[in-house]
Amino acid sequence: MRPLLPRLRRWIATLVALGVLGQPALARADAVWKPNPDDAVLFELRLGQYRLGDGVRGYQTPAGVCVDMADMVMALDLPVRVDKKLRRATGWIFNESRTLVLDRETNTVQIMNKTTKLPAGAIYDAPEGWCVTTGQLSSWLGVSLNPDLSNAVLVIKSDTKLPVELSAERRERAAKIRPASTFDLRALPQSRVAYRGIKTPSVDANIAIGGLRERGDKARTDVQFELYASGEAGPVAYDARLASNRKGAPESLRLRGYRYDPDGKLLGPLRATQIAVGDVLGLSTGISAQSSIGRGAMITNRPLDRPENFDRTDFRGELPSGWDAELYRNGQLLQVALNRADGRYEFLDVPLLYGQNRFDIVLYGPQGQVRREQKVLSVGPDSIPPRQTWYWAGINQDGRDLIGLPNGPQFGTDRWRGSFGVERGLSTRTSVSASYSNLFVKEVGRRNFVEAAVRQAVGPFLAQLSGATDLVGGSVLSVQMLGNLGGTYISAESTNVMGGFRSDRIQRGVDGLHGISVDHGLKLGRSVMPIHAEARYTTRTNGNDTLELGGRISSSFSRYSITAEVDMRHDKVPYGPDPPTAMDAGVLLNARVGRFRLRGDARFEVSPDARFRSFGLITEWAGRGNGKNASQWRAELAYDKMMDRARAGLGYARQFDRLSLSGNAEVATDGSVAASLGLTFSIGPNPTKKGGFRMTSARLATHGQVLARVFRDNNSDGVRQPDEPLERDVQIAAGRVPVDRLTDDHGETVIDSLEAFRPVLIGVDASSLPDPLVSPAGPGVVVTPRPGVIATVELPLTGAGEVDGTLVKGGGATLEGVDLELVTVQGVVVARTRSDFDGYFLFERVPYGQYRVRIAQASAAAARLHAGLAGDVQVSGTSPSVHLGATAADPDEIRTASVS
């Protein structure tokens, strides 16, 4: 049922049109007509099946209808500013290139580059603001506005879908196929790809050709390539990376064989979640070992998304040549990793906050490419479930690839290292851990380390007491704490070093590390300003102590985000005067100005010498095309005061269905000139053609792929039979990953760019089905993508009906605004609705099956009602419409009493 207010509005408008409530004054066709209450109309703005905004005010004029411009701007979510004092309106309409400048003083309007005079009677000054005639507003917006006075409805018609309509469709899809945060994906049907046979690998390729001429040197030409492959052979998954030097000769080859199983069913009684051999990443400990990468092997039964240490974590990954990486925690920039010769990024000892930590790793390519990876880590009293034991063991040669190539880059110590550890949850708030490590430590040689820790949750805090020994007289005792006190996140540490202890984490000569950091979100109106402050004091055996202070504050308003940073270091020496205090400051800017995205930074030295250090600004904007045929421009300007060098660059990237092309040119004030061309593509098996291959611009080797097939399930068994037809032109939803293509003539579409090892729900968008009597048979199928591997899911469509009723209290009074859920016998929610003002509720497009109606948990708690409603519901071909009539909701205390 529709809300009451629109009905009343239509009834009143109809009575006015019929003259029952009196004919408005405009019938006199007064030549000097002015907006007046008798001619006022409150329109409902409709765009297709969607109702926009909360109503648009307007008037019936002698020549037609005018509507309030500010109401239209709000309803259509247009970036247009109406300034009544200056009598100007500026912004853009639906597309950044379609600019609008309306000047009431000069009586002109400019759309893009065309300026015209405003005709007489185009705009009226009403008490609410500017009332613009629908005909004039239609020409500005590029759409058709059709007022229906009898129903008080203003209908928008457009040849193309408007941004507000696309946004409404996305919200509708999100409501029907909800993200993983709203329900347990484990309760839904699962699709698992067996580790069987040899699966053809997928390969990502990056090829770059560049030229460089520096002042006083000869011109140099560089040719580089990078190939990344992933696939499966029997029970083993593998990935490999081959990269060249600047002359195009291979210099680095990595190979890894591994298995991941989130359910922990690997190697029988070991119940491992991860096994890897080849170029592997070693695990770290809190005091002794830092994580390292090199040839070796590892095994663990720790969950895939758990940090190795309770107050910090490490991030490592592949970084293509010429790319940079930024690390964000909860939207705040923490670290930047620049291009490295070994093709990796690493963020070490990243601090964690108590509670939820959402990390975003953003990779920036040299020609404006942007890739994002997201990881969520939780820190709390439930870090280790009670009576569960986790273990890890690994050995690797730090910095050495499995297959070393001549003249390859060298990183790390090139020495073997190994570690083994266990941790056990004693209760919901207490856990213990112990580990042994054999490491080669620079300056002291090979050492054995034994480390132990006990972790305890106390109220909103999580504390850890840990200790370590190197078995030759050196030892460490450390106390760490994380907590959340009234929305303020606190982290503190005090580490005391004795006997000349030296490890990956403790530098030589250090005998004390003490620090505290505070993070707080300062609320200013509707916005939150994140503030971070930290202090760290390091003591050394030679008396050279160091005090480090740091602060960071961020502010976001409109489309601008600014971060200011200050870092101070003061060294204290045992003899003579202390060195001057060093203080640096920086400002980071992220902004969206029109069609341009800006990223800038400026660095300053505050003391001992106050001076400017460097400045950089990157501007990116979209070119022609969209989707898989999008293009991107990038301009860069930078200046380094210390080198007295400025440089400017311009880049262009174009993405096609099969590949991406990019170009970049750069000049500097020292006379150097550089230019490059890049080609990126992926090759992998074609899931729609057996034995075939496909070439695409999507990254196949690092992400998962799904082939979705939609069919009409005539016998409702969930399995496609040879005579059951396939459905074309159906929209598929895959969590937050956009699916550009509808199903083809074979009922199939391929979904790329799925994050590996993160479960995602693949389902049918019911709004794309043309037949209202057809519905998806269920919410979809959960797939856990694997890199370079194609998973196939079949999504059945079945007949659909509807279920309605009236929600009443025990005494017969109706219940309004209560959220209801339609649930299968397995407990899966298939539909949601809300009771109207008269208690009426309706579930539409309900697949055939057996259900129960229940009150949503939040509504049941708020109204103090029992969630369960009596009776089962059977929707079938013989009874597609089920009318429950008056459905009584019992008070929670009455239902509880009757059960007891």
Side-chain angles (χ1 to χ4, degrees), residues 312-313 315 323-338 345-353 355-364 368 370-377 487-491 515-536 548-569 582-594 596-607 610-620 634-641:
R312 71 194 71 163
T313 189
F315 296 102
W323 288 59
D324 301 329
E326 293 180 347
L327 176 67
Y328 293 83
R329 183 190 61 205
N330 299 334
Q332 201 170 27
L333 177 64
L334 297 183
Q335 296 183 34
V336 177
L338 301 179
Y345 67 80
E346 61 177 21
F347 301 106
L348 304 180
D349 291 337
V350 179
L352 298 173
L353 301 179
Q356 198 87 333
N357 295 261
R358 190 190 75 251
F359 290 98
D360 292 282
I361 302 172
V362 185
L363 308 181
Y364 295 99
V370 179
R371 298 174 186 166
R372 298 179 182 273
E373 302 173 10
Q374 188 178 93
K375 297 182 180 180
V376 179
L377 301 178
T488 299
Y489 297 93
I490 303 172
S491 174
I516 185 172
S517 68
V518 178
D519 290 87
H520 182 75
L522 181 63
K523 292 186 177 180
L524 297 176
R526 295 183 179 180
S527 61
V528 177
M529 181 180 295
I531 300 175
H532 170 81
E534 62 180 321
R536 189 172 183 86
E548 297 172 285
L549 302 177
R552 181 174 61 247
I553 183 170
S554 301
S555 178
S556 299
F557 55 94
S558 183
R559 299 188 177 191
Y560 299 87
S561 176
I562 300 177
T563 299
E565 300 176 332
V566 177
D567 294 295
M568 188 204 78
R569 177 188 174 106
M583 181 180 294
D584 295 325
V587 177
L588 306 175
L589 169 68
N590 280 277
R592 182 81 180 186
V593 181
F596 301 98
R597 183 178 182 271
L598 307 177
R599 290 189 295 123
D601 70 284
R603 301 291 173 180
F604 305 88
E605 180 181 332
V606 180
S607 66
R611 55 182 175 178
F612 169 76
R613 282 186 175 273
S614 63
F615 163 80
L617 177 65
I618 298 175
T619 304
E620 298 169 339
R634 170 189 171 105
E636 183 174 1
L637 181 66
Y639 176 69
D640 192 319
K641 175 66 175 178

Rounded at 0.5 Å granularity, tell me how far CG in L588 sits from CG in D601. 6.0 Å

In Å, rounded to the nearest 0.5 Å, how long is the span from CG of D519 to CZ of R552? 7.0 Å

Between E636 and R599, does at least one N-O distance fall below 4.0 Å, as a salt bridge requires? no

Side-chain touch R569/E548, heavy atoms, less than 4.5 angstrom: yes

Could you check whether atom OH of Y560 has more than 12 heavy atoms from other residues, nucleotides or ligands sitting under 6.0 Å from it? no

Do you know the tightest heavy-atom contact between F596 and T619? CD2-CG2, 3.8 Å

List the steps, then state whether side chain to side chain contact (heavy atoms under 4.5 Å, CB included) holds for D584 with R603. CA-CA 7 Å; D584 295 325; R603 301 291 173 180; over 6 Å; no

Between S554 and M529, which heavy-atom pair has the shortest distance, and what is it? O-CG, 2.7 Å

Salt bridge check, E534 against R536: does any charged N sit closer than 4.0 Å to a carboxylate O? no

Looking at every heavy atom in both D567 and G550, which two are closest together, and how far apart are they? OD1-CA, 3.8 Å

What I'd like to find out is whether the side chain of D360 reaches to under 4.5 Å of the side chain of E326, using heavy atoms alone. no

Measuring only between side-chain heavy atoms, which start at C-beta, is H532 closer than 4.5 Å to E565? no

Measuring from E620:CD to R634:CZ, what's the distance to the nearest 0.5 Å? 5.5 Å

Quick check for you: to the nearest 0.5 Å, what is the distance between L522 atom CG and T488 atom OG1? 10.0 Å

Kindly write out the residues that satisfy ring pair (Phe, Tyr, Trp, His ring centres under 6.0 Å) with F347, not counting sequence neighbours, or none if the list is empty. Y345

